[in-house]
S.K.: 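Got a structure here, written out as structure tokens. Questions coming.
Excluded from the calculations below are hydrogen atoms, water molecules and symmetry mates; all remaining heavy atoms, backbone and side chain alike, are included. What you see is a predicted model, and the numbers here were worked out from it, not measured in a lab.
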Amino acid sequence: MRHLLSLPRLASRAFSTTVRQMKNKVPDKQKVFLEDNGLPVHIKGGTTDVLLYRLTMTITLAGTGFSLYWLLLASMPKSKA
């Protein structure tokens, strides 16, 4: 019971400790994305963005091809033998 009574004091102590200041990285990222280097904005982030873009395009094209295959298969009449 004693631990439950001291909980508010512990909680306020945990939140009142000094927080280390984090550097604002937004201006640095803005410089990268705003520079004119001929790249589209969706791949200016680097290698990770390029890989995610290619993975997304691969999945999209594979899904489109798969859908078209099944549409073609469904549009063919069944042969009555």
Side-chain angles (χ1 to χ4, degrees):
M1 184 69 175
R2 191 178 75 222
H3 296 294
L4 292 176
L5 293 175
S6 66
L7 187 63
R9 187 172 15 145
L10 288 174
S12 67
R13 189 181 314 158
F15 288 110
S16 67
T17 59
T18 57
V19 178
R20 64 183 161 115
Q21 294 294 322
M22 293 176 29
K23 183 178 182 269
N24 187 5
K25 299 177 188 176
V26 173
D28 298 332
K29 291 288 186 182
Q30 282 178 338
K31 285 179 189 173
V32 170
F33 283 97
L34 290 177
E35 70 183 33
D36 188 19
N37 55 4
L39 291 174
V41 71
H42 56 273
I43 59 174
K44 279 190 178 183
T47 307
T48 306
D49 283 350
V50 171
L51 290 174
L52 284 172
Y53 173 74
R54 289 184 180 166
L55 176 67
T56 303
M57 287 298 110
T58 303
I59 291 171
T60 302
L61 291 174
T64 302
F66 191 67
S67 297
L68 291 174
Y69 169 76
W70 282 107
L71 279 171
L72 179 69
L73 196 68
S75 67
M76 299 287 183
K78 300 276 186 200
S79 62
K80 295 180 182 178

S.K.: Distance-only check: which donor-acceptor pairs under 3.5 Å involve side-chain atoms of residues 23-30, not counting sequence neighbours?
M.R.:
residue, atom, partner, partner atom, Å
Lys23, NZ, Asp28, OD2, 3.0
Asn24, OD1, Val26, N, 3.2

S.K.: List the atom pairs, with distances to 0.1 Å, where a side-chain N or O of residues 56-65 and a protein N or O form a donor-acceptor pair under 3.5 Å, not counting sequence neighbours.
M.R.:
residue, atom, partner, partner atom, Å
Thr56, OG1, Leu52, O, 2.7
Thr58, OG1, Arg54, O, 2.7
Thr60, OG1, Thr56, O, 2.7
Thr64, OG1, Thr60, O, 2.8

S.K.: Other members of the hydrophobic cluster containing Phe66, with the 4.5 Å side-chain heavy-atom rule, please.
M.R.: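 When side chains under 4.5 Å apart are linked, the cluster holding Phe66 also contains Tyr69, Trp70, Leu73.
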S.K.: Hydrophobic clusters join Ile, Leu, Val, Met, Phe, Trp and Tyr when side-chain heavy atoms are under 4.5 Å apart, directly or via other members; which others share one with Met22?
M.R.: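 Met22 shares its hydrophobic cluster with no other residue.
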S.K.: Under 3.5 Å, side-chain donor or acceptor atoms of residues 32-47 against the rest of the protein: list the pairs with distances, not counting sequence neighbours.
M.R.:
residue, atom, partner, partner atom, Å
Asn37, OD1, Leu39, N, 3.3
Lys44, NZ, Phe33, O, 3.0
Lys44, NZ, Glu35, O, 2.7

